[in-house]
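Structure record follows, encoded as structure tokens.
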Amino acid sequence: MERAPGRAHNGKHGRGDGAWDATSDARVEVLRQRFTRFRRAHKPHTRYPRALRTAVLAALRGGATEPDLRRACGLQAAQIAAWRQREEVEAQQRTTVEPSAR
């Protein structure tokens, strides 16, 4: 059976370099639980709160993989891409506003 290039052969869908990161897996599991609770408490198509969106992006920066987060949290690639783009725009706005606010 052929593996995709860069894929870990340890039975986990890790970072792709063969290393297993328990911290990332723990973050993904915590986020899975948070998204499950949110979905149970809210109607379908309710917008995810900023705290959940920010936690997903922080997990990605912390080493979690996007496919693992998408599977665990039931997210679409387009959602994560939009959240990343929004974060970048907000960061740019903060850097352009801060110097003139002085």
Side-chain angles (χ1 to χ4, degrees):
M1 184 166 148
E2 290 282 323
R3 289 191 314 268
R7 256 322 206 194
H9 185 61
N10 60 359
K12 303 271 310 160
H13 297 287
R15 296 184 315 226
D17 60 3
W20 180 73
D21 186 355
T23 306
S24 293
D25 285 353
R27 274 190 195 158
V28 170
E29 177 57 23
V30 168
L31 283 170
R32 183 192 66 75
Q33 293 170 2
R34 289 178 65 187
F35 273 87
T36 299
R37 282 193 305 270
F38 179 84
R39 287 193 182 101
R40 284 184 185 150
H42 296 84
K43 293 179 181 181
H45 306 291
T46 300
R47 183 181 175 145
Y48 295 117
R50 179 181 291 268
L52 276 178
R53 298 189 312 259
T54 303
V56 168
L57 298 176
L60 287 168
R61 285 190 299 274
T65 65
E66 187 173 321
D68 286 346
L69 282 167
R70 288 195 331 251
R71 273 190 298 276
C73 300
L75 301 171
Q76 300 294 316
Q79 286 174 299
I80 295 173
W83 297 346
R84 280 181 171 149
Q85 183 178 14
R86 175 71 182 220
E87 185 180 59
E88 289 172 11
V89 167
E90 289 174 353
Q92 288 175 345
Q93 289 173 344
R94 280 192 303 269
T95 58
T96 56
V97 170
E98 286 176 11
S100 63
R102 290 182 182 168

Between CZ on residue Arg70 and CG on residue Asp68, distance to nearest 0.5 Å
9.5 Å
Distance check, rounded to the nearest 0.5 Å: Arg40 atom CZ versus Arg37 atom CZ?
9.0 Å
Give me the ring orientation class for Tyr48 and Phe38: parallel if the planes are under 30° apart, tilted from 30 to 60°, perpendicular past 60°.
tilted
Run the side-chain contact (heavy atoms from CB on, under 4.5 Å) check on Leu60 and Trp83 step by step: do they pass?
CA-CA 12 Å; Leu60 287 168; Trp83 297 346; over 6 Å; no
Thr95 side-chain N/O to Gln92 backbone N/O, donor-acceptor pair under 3.5 Å
yes
Quick test of your reading of the model: are Glu90 and Arg86 salt-bridged, counting only N-O distances below 4.0 Å?
yes
Do Arg53 and Leu57 have side chains that approach each other closer than 4.5 Å (heavy atoms only, starting at C-beta)?
no
To the nearest 0.5 Å, what is the distance between CZ (Arg39) and CZ (Arg34)?
12.5 Å
May I ask you to say whether Glu29 pairs ionically with Arg32, meaning some side-chain N is under 4.0 Å from a carboxylate O?
yes
Would you name the heavy atoms of Val56 and Leu69 that are closest together and state the gap between them?
O-CD1, 3.9 Å
Can you see which heavy atom on Thr96 is nearest to which on Gln93, and at what distance?
OG1-O, 3.1 Å
Kindly give the heavy-atom pair with the smallest separation between Ser24 and Gly63, and that separation in Å.
OG-C, 3.2 Å
State whether the number of non-hydrogen atoms from other residues, nucleotides or ligands found under 6.0 Å of Arg47 atom CZ is greater than 12.
no
